[in-house]
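All remarks here apply to the structure that follows.
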Amino acid sequence: MRCLYQLNFVFIMVALNTNVHALDDIQVYEDIVKPVFTNNCTACHNSEDLQGGLDLSTVEGIQQGGAFGAVIQPGSAEISELVNRMTLPEEDELAMPPSGKERVSEENIRLIQWWVDSGASFDQTVNGEIIPDDIRAVLTTRSEDKKHKQELTSLNPVSVEDIQTVRNHGFEVRELAVGHPLLDVSIDPLKKKITKDDIDALSKITNNIAWLNLSRCGLNDEILKQLSAMPNLIKINLSQNKITAQSIGYLSTSPKLEVINLYQTQVGDDAIQLLIQLSNLKTLYLWDSKITKDGIQKVRIRYPTIKIIGDTD
Amino acid sequence: MNDINRLMDQKSRRDFLTRSTFGLGALALNTMMNAEAKVEAKQEVNLPQHGIMGASHFVPKAKRVIYLFQSGGPSQMETFDYKPMLDKLHGKQLPDSVRKGQRLTGMSAGQSSLPLARSIFDFQQHGECGAWVSELLPHTAGVVDDICFIRSMHTEAINHDPAITFFQTGSQLPGRPSIGSWLSYGLGTGNKNLPEFIVLISKNAGGQPLYSRLWGNGFLPSKHQGVQFRSGKDPVLYLQNPDGFTQANRKEMLDVLTALDESQYVLTGDDEIHNRIAQYEMAYRMQTSVPEALDVSDEPDSILDMYGEDVRDPGTYAANCLMARRLAERGVKFIQLYHQGWDQHGGLPGGIKKQCRDTDQATAALLKDLKQRGLLEDTLVIWGGEFGRTNYSQGKLEPGNYGRDHHPRCFTVWMAGAGVKPGMTYGETDELCYNIAQNPVHVHDFQATMLHLLGIDHERLTYKYQGRRFRLTDVHGHIVNDILA
């Protein structure tokens, strides 16, 4: 039975490996393990405090172990003191971090087990090897987060003057969060006739726009054409405007787009081909647009991961 | 100490610096001014109208909240918390082992008998998530896949006013700022032409009173108080200028008034004068923005029909739900609805039936309407009362009639929309619906979670008053991570 289970397991792994995401940017120790130690352990286990004779803040310290000897047995998490201490019940006096301190999350314990089991290397990268699927899922998320963070830090914040210009054209502009380089931009709800000049003004900050709301402002294809590329756009609301599939074409410069709101627009089935080319698309609002039920059905069948909000069904 | 000195003491630090250049060493002053200037330069991206925080602490899921407060304490057993065990034990006494000596209100504490009462209404599972909903709420039952039910809410208060005050301000004692005021203070507005905190009360319901301090600013500056719209044809009075009086006249009058107010401010240094000026300016902008926001003549019949017949009667719960959607569309941060009358101490079957009839369709319509417009994406909708109701009958348990007393130990609220897991039921009460069996959610946890969805760290939005820093969750509150999408 056990043998059968393992065979099955290998089969799944092989199947998964046919669709491997590149994770080669992940340094297992630096990116995965070290942050856990920093967050949960090194307040006490550092080179100065050396609680239990253990320093988890350096590679040497980890290799050296504590007062009871080695804390890691490369290749076997099961007999590694470090892992065992983290998995003891919270009330156990040997449990680490000690009772009352923040526990290491299940996910992080699992990652550390995997790191130890696969040799506890300090310079290992992830490349093409067989990785259990739960670990792969976590690594994929971490890898995306890492890329995302790198991209954000390389993005220049926009100048206050440029933001003021945009505001003078009737836009509400806010940072997504305090100090965040990306912006949340909305048109004033009282502005009913947006002009090319208004859209032009936006061009000064388009690199940094993440959320853009242009609902019900008299927008049309001709005016929207003015909009320059928005590489960091994640959500756009174009609802209640007389725009057509042509406008969707302009969105091809926004590969990160996840949410598009097209309710009460003239956008029809000819836009579907353009919409599905946006590889990160997650949600489409199509109520009262010109896209037919058949059109919606086709997208639903071919792209089941895209959530389509059509009628109030 | 004379009055002027006393008032000088109240002045803000910046005023003090600018007004007393001759009083301090030039060097020290310069250093201080520079430090201040640097702080301001860093925050300039966000405007004063964006509140004290300028932007959220972290990227928010919700940009606004619509809170459908069901005042009086709706019974969880006739709405969302299905208890087949009560069918079996109907008429039997509430066991002491379950009550565990809990205090009862004076209204039923003296009863010689505390007979368990089953729900007279049937329950069925609905949607893909299989949530249990009673037959009284057929429309809500149709949208359960968008809702996250929290069946394990509990509170500390056992009577209406302290309990509502606790929900809205984080304290049972009056005097703290309400949720909407905290948001106005912290995040300001997304639309400078409308107040960031608007209150709508159903006219087609009555019951335990609501006091305006429930949307009060407490110790926060008074411009952060909620603006109540009247429940009727003219939600805001005197929006129109009188005959022969132009908008330019109005502007001129307000400019002169502002100049007068400013001169008074120079004299007294009372910060509340600036709040008053801000309110006059808001009123002026509302002369344009409010008629536009409230004019429902552009709503097609299909939308009105969805909300139900009452929607055509301004001031009803249904009309207020539609209004809430329109205000949400226009960037109002916190829209607070109140619907009274859920206090069924006696005659519960008839009473709650009416309550559900008056609210069910419009509540569900609001969710659908927000969803089809993409607004549910970043609007958090909350439905709930101030406490639950007892599993035993208050007064005589008769066939077809019974009552229920206040019960703080368990009740149901629900959330839907921005950042909340849809189609989820969280927490459990015991088989008799008296205590919480799993995953209790305290009022402060609920508040912490709501603020979290708005991108606010509930421990960091504070206001120093009378020597200590206050916050909505006081010194409590844990985010309910399990319900976050």
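None of the values given here were measured: they were computed from a predicted structure. Quick note on labels: first sequence line is chain A, next is B, and so on, each numbered from 1.
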Check whether more than 12 heavy atoms from other residues, nucleotides or ligands sit under 6.0 Å from atom [atom1] of [X], and answer yes or no.
{"X": "A:Lys298", "atom1": "NZ", "value": "no"}
{"X": "B:His478", "atom1": "NE2", "value": "no"}
{"X": "A:Lys235", "atom1": "NZ", "value": "yes"}
{"X": "A:Lys242", "atom1": "NZ", "value": "no"}
{"X": "B:Arg469", "atom1": "CZ", "value": "no"}
{"X": "A:Lys256", "atom1": "NZ", "value": "yes"}

Best-contacting candidate, [options], against chain A by heavy atom pairs under 4.5 angstrom:
{"options": "B:Asp378, B:Leu194, B:Leu187", "value": "B:Leu187"}
{"options": "B:Arg330, B:Arg373, B:His57", "value": "B:Arg373"}
{"options": "B:Gln49, B:Lys63, B:Lys192", "value": "B:Lys63"}
{"options": "B:Asn193, B:Val143, B:Thr288, B:Leu367", "value": "B:Asn193"}
{"options": "B:Gly190, B:Gly455, B:Gly331, B:Gly142", "value": "B:Gly190"}

Which region of [X], side chain (C-beta onward) or backbone (N, CA, C, O), has a non-hydrogen atom less than 4.5 Å from a non-hydrogen atom of chain B, or is it both or neither?
{"X": "A:Val259", "answer": "side chain"}
{"X": "A:Lys307", "answer": "neither"}
{"X": "A:Ser239", "answer": "neither"}
{"X": "A:Leu176", "answer": "both"}

Decide yes or no for [X] and [Y]: does some side-chain heavy atom of the first lie under 4.5 Å from some side-chain heavy atom of the second?
{"X": "B:His50", "Y": "A:Glu172", "result": "yes"}
{"X": "A:Arg167", "Y": "B:Leu47", "result": "yes"}
{"X": "B:Val59", "Y": "A:Trp211", "result": "yes"}

(Q) Testing the basics here: between A:Ala177 and B:Ala55, what is the closest heavy-atom pair and its distance to 0.1 Å? (A)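 For A:Ala177 versus B:Ala55, the nearest heavy atoms are C-CB, 3.8 Å.
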Q. If you take all heavy atoms of B:Gln372 and A:Tyr285, which pair is closest and at what distance?
A. O-CD2, 4.3 Å
Q) Between A:Arg216 and B:Glu292, is there a side-chain N and carboxylate O pair less than 4.0 Å apart? A)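 Here A:Arg216 pairs with B:Glu292 in a salt bridge, since their nearest N and O are under 4.0 Å apart.
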(Q) Please classify the contact of B:Ser302 with chain A as side chain, backbone, both or neither, using a heavy-atom distance under 4.5 Å. (A) neither
**Q.** Greatest number of heavy atom pairs closer than 4.5 Å to chain B - which of A:Asn237, A:Thr283, A:Asp184, A:Val158
**A.** A:Asp184
**Q.** Leading residue by heavy atom contact count with chain B [cutoff under 4.5 Å; candidates A:Leu190, A:Ile163, A:Asn213]
**A.** A:Leu190
Q. When rounded to the nearest 0.5 angstrom, what distance separates CD1 in A:Ile309 from CG in B:Leu370?
A. 12.0 Å
